[in-house]
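Just so we're on the same page: letters track the sequence lines, and every chain starts at 1. Scope of the values below: all heavy atoms of this structure, side chains included, with no hydrogens, waters or symmetry mates.
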Protein chains: 2
Amino acid sequence: MRKVSESTVARLSMYLRLLTELAASGVTTLASEELARRCGTSAAQVRKDLSFFGTFGKRGLGYSVPELVAALRGILGLERRWRVALIGAGKIGAALMAYQDFRRQGFDIVTVFDSDREKIGREWNGLVVQPDAELKVSLKGMDIAIVAVPAEAAQAVVDRVVAAGVRAILNFAPTKLNVPDDVAVKTVNMALELEGLSYALVNDARRARAVASRPAASRG
Amino acid sequence: MRKVSESTVARLSMYLRLLTELAASGVTTLASEELARRCGTSAAQVRKDLSFFGTFGKRGLGYSVPELVAALRGILGLERRWRVALIGAGKIGAALMAYQDFRRQGFDIVTVFDSDREKIGREWNGLVVQPDAELKVSLKGMDIAIVAVPAEAAQAVVDRVVAAGVRAILNFAPTKLNVPDDVAVKTVNMALELEGLSYALVNDARRARAVASRPAASRG
DNA sequence: TGGCCATTGTGAATGCTTTCACAAAGGGGT
DNA sequence: ACCCCTTTGTGAAAGCATTCACAATGGCCA
């Protein structure tokens with residue numbers, strides 16, 4: 001199979017979410033045009049994304065919603081359940097525990113770790129908090145680690161996660177993580193997104209001023 | 001100024017974070033090579049990213065850390081403070097309120113809204129929860145809205161946010177939002193990231209199997 | 001059964017981003 | 001004052017991703 005870009009994979013997730021919703025409300029068939037419109041992309045993009053993995057549509061008709069849902073779940077590896085460890089029993093961790101959607105899609109948070117003596121051994125959102133000294137042994141059998149610790153601690157935690165054999169990490173610390181090539185990392189960096197909005201705000205303003213001060217004939 | 005890609009802007013944020021750290025520990029000068037290494041990109045990329053905005057380095061020497069910090073803060077619009085409204089007083093909202101870094105970078109969450117009668121009027125993380133019926137009037141003067149409500153409610157909330165004149169939205173709902181062209185939206189979609197990890201896990205496994213079963217001579 | 005219409009799947013073209021490669025500095029040592 | 005070494009800034013080249021455009025095909029209706 002040829003290499004597929006991360007943006008394609010991200011779009012497949014979006015398609016799946018929409019299609020799952022539509023399937024629940026009884027829609028049986030959908031054309032790429034409509035799928036694209038509802039996901040904010042183009043019909044050609046939808047078809048190209050899918051074409052990396054096979055052929056799923058019927059010409060003249062579109063896609064069978066239940067079939068495409070099944071296909072996408074297979075492609076994304078969502079036919080099985082994944083064992084997820086949460087490292088860091090703070091506010092972000094609590095938000096994730098509360099978010100029932102993950103479980104529904106096949107991600108089970110089955111252990112929680114923290115370094116805080118006060119928290120260790122206590123029940124927290126239905127799980128007993130484990131000492132993070134135990135990280136290396138207790139991570140055996142985990143598929144994914146969610147790192148929700150302060151930035152300063154993140155790299156050290158990740159090193160131990162990798163040493164324990166976990167090959168997928170969802171990182172909430174605003175820092176670059178160094179991992180071997182065979183470990184997948186996705187970082188969620190909210191500060192970075194806010195700064196992107198800040199940039200957009202000041203630059204739209206700058207651009208608007210620039211356009212306003214240009215001779216009228218050159219405006220687009 | 002010519003159009004700059006979102007990935008460039010995201011990298012500028014990363015550079016700024018690292019440089020701020022280095023400045024605090026007294027580093028005064030840094031070459032693109034080192035900056036790149038520590039941010040997981042290439043030296044050429046760093047220089048190209050910066051070149052969209054001007055020339056900041058000294059040939060043969062590198063960049064002055066404090067000067068580059070100042071320049072990046074200017075580019076990203078972080079010299080001023082931004083007024084942020086949080087919509088949805090749930091777990092994600094609580095995590096954001098607790099995250100002191102935002103305030104440090106210039107983002108002040110100054111109002112909270114919720115639709116839950118139980119929460120409205122109560123103090124919550126230092127703010128009094130406003131009824132979301134008031135959204136349109138109370139959003140006057142806000143620069144950024146953080147949408148942390150269930151997916152089903154998100155589009156309706158966003159329509160009112162836009163109507164109130166807010167032009168930047170940070171969205172935590174796992175759904176595509178429709179907004180006019182002049183409104184900037186960034187979506188943080190944790191489910192999508194997890195699915196990306198799931199894909200990586202099953203496909204690394206698939207790829208490994210494929211390589212293992214190929215005749216030895218064709219392995220790369 | 002046959003023709004028509006809608007829609008797919010996909011090479012080719014376009015556009016965007018990253019990397020390459022090197023001339024143009026600039027500082028420091030002699 | 002001059003040379004050498006390092007590192008920048010930037011066109012050109014290479015590499016990816018998206019869009020275009022259309023032949024291929026399947027369903028439906030007469």
Side-chain angles (χ1 to χ4, degrees), chain A residues 1-15 18-19 22 27-69 71-72 75 176 192 196 199 203 220, chain B residues 1-15 18-19 22 27-69 71-72 75 176 192 196 199 203 220:
Chain A
M1 183 179 305
R2 70 180 163 304
K3 179 137 175 310
V4 170
S5 75
E6 295 203 1
S7 33
T8 289
V9 176
R11 281 190 300 267
L12 295 181
S13 283
M14 299 197 322
Y15 305 156
L18 180 71
L19 289 164
L22 292 178
V27 178
T28 59
T29 248
L30 195 70
S32 58
E33 189 66 51
E34 176 73 2
L35 179 48
R37 199 182 51 73
R38 313 245 327 223
C39 290
T41 182
S42 70
Q45 183 75 79
V46 167
R47 299 200 298 273
K48 182 71 80 178
D49 287 340
L50 294 174
S51 75
F52 291 120
F53 299 95
T55 119
F56 304 101
K58 290 199 177 49
R59 289 172 192 233
L61 195 62
Y63 299 88
S64 151
V65 172
E67 275 172 31
L68 192 49
V69 165
L72 288 173
I75 291 165
K176 168 100 217 342
L192 188 141
Y199 175 84
N203 284 286
Chain B
M1 184 179 306
R2 68 178 163 304
K3 180 142 173 307
V4 169
S5 76
E6 295 203 0
S7 33
T8 288
V9 175
R11 281 190 300 267
L12 295 180
S13 283
M14 301 198 319
Y15 304 156
L18 180 71
L19 290 164
L22 292 178
V27 179
T28 58
T29 248
L30 194 70
S32 58
E33 189 64 52
E34 175 72 2
L35 179 48
R37 200 183 51 74
R38 313 245 326 224
C39 289
T41 182
S42 70
Q45 184 75 78
V46 167
R47 299 200 298 272
K48 182 70 81 177
D49 286 341
L50 294 174
S51 75
F52 291 120
F53 300 95
T55 121
F56 304 101
K58 289 200 177 51
R59 292 176 189 227
L61 195 62
Y63 299 88
S64 150
V65 173
E67 275 173 29
L68 192 49
V69 164
L72 288 172
I75 291 165
K176 168 101 216 340
L192 188 142
Y199 175 85
N203 285 285

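- Taking all atoms of both residues into account, the shortest heavy-atom contact from Cys39(A) to Tyr15(A) is SG-CD2, 3.8 Å.
- In this structure the side chain of Val9(A) never reaches within 4.5 angstrom of the side chain of Ile75(A), judged on heavy atoms.
- Taking atom CG of residue Leu61(B) and atom P of nucleotide dG28(C), one finds them 7 Å apart after rounding to whole Å.
- In this structure, the CZ atom of Phe53(A) is 14 Å from the P atom of dG9(C), given to the nearest Å.
- The side-chain heavy atoms of Leu50(A) and Arg47(A), taken from C-beta on, include no pair separated by under 4.5 Å.
- When heavy atoms are screened at a 4.0 angstrom cut-off, Ser32(B) is found touching the sugar-phosphate backbone but no base atom.
- Annotation: of the two residues near DNA chain D, Ser7(A) and Arg59(A), the 5′-most nearest-nucleotide partner is Ser7(A).
- When all heavy atoms of Leu30(B) and Leu35(B) are compared, the pair lying nearest together is CD2-CB, 3.8 Å.
- For the pair Val4(B)/Leu12(B), no side-chain contact is recorded, criterion being any heavy-atom separation below 4.5 Å from C-beta on.
- Of the inter-residue distances, the one linking Thr29(B) atom OG1 with Leu68(B) atom CG reads 10.5 Å to the nearest 0.5 angstrom.
- Scanning all heavy atoms of the two residues, the minimum distance from Ala36(A) to Ala43(A) falls at CB-N, 3.4 Å.
- You can see that DNA chain D meets the heavy atoms of chain A within a 4.0 Å-exclusive cut from dA17(D) to dG27(D), reading 5' to 3'.
- Contact check, Ser5(B) against dC16(C): no side-chain N or O comes under 4.0 Å of OP1 or OP2.
- For Glu34(A) and Arg38(A), the salt-bridge test passes: some basic side-chain N is under 4.0 Å from an acidic carboxylate O.
- Atom CG of Leu72(B) is separated from atom CD of Glu67(B) by 12.0 Å, given to the nearest 0.5 angstrom.
- Near-neighbour residues of DNA chain C inside residues 39-51 of chain A, defined by a heavy atom below 4.0 Å, number-ordered: Arg47(A), Lys48(A), Ser51(A).
- Straight-line distance from the OH atom of Tyr63(B) to the P atom of dA25(C): 16 Å, rounded to whole Å.
- Between Glu33(A) atom CD and dG9(C) atom P there is a gap of 14 Å when expressed in whole angstrom units.
- Rounded to whole Å, the distance from CD on Glu6(B) to C1' on dC16(C) is 13 Å.
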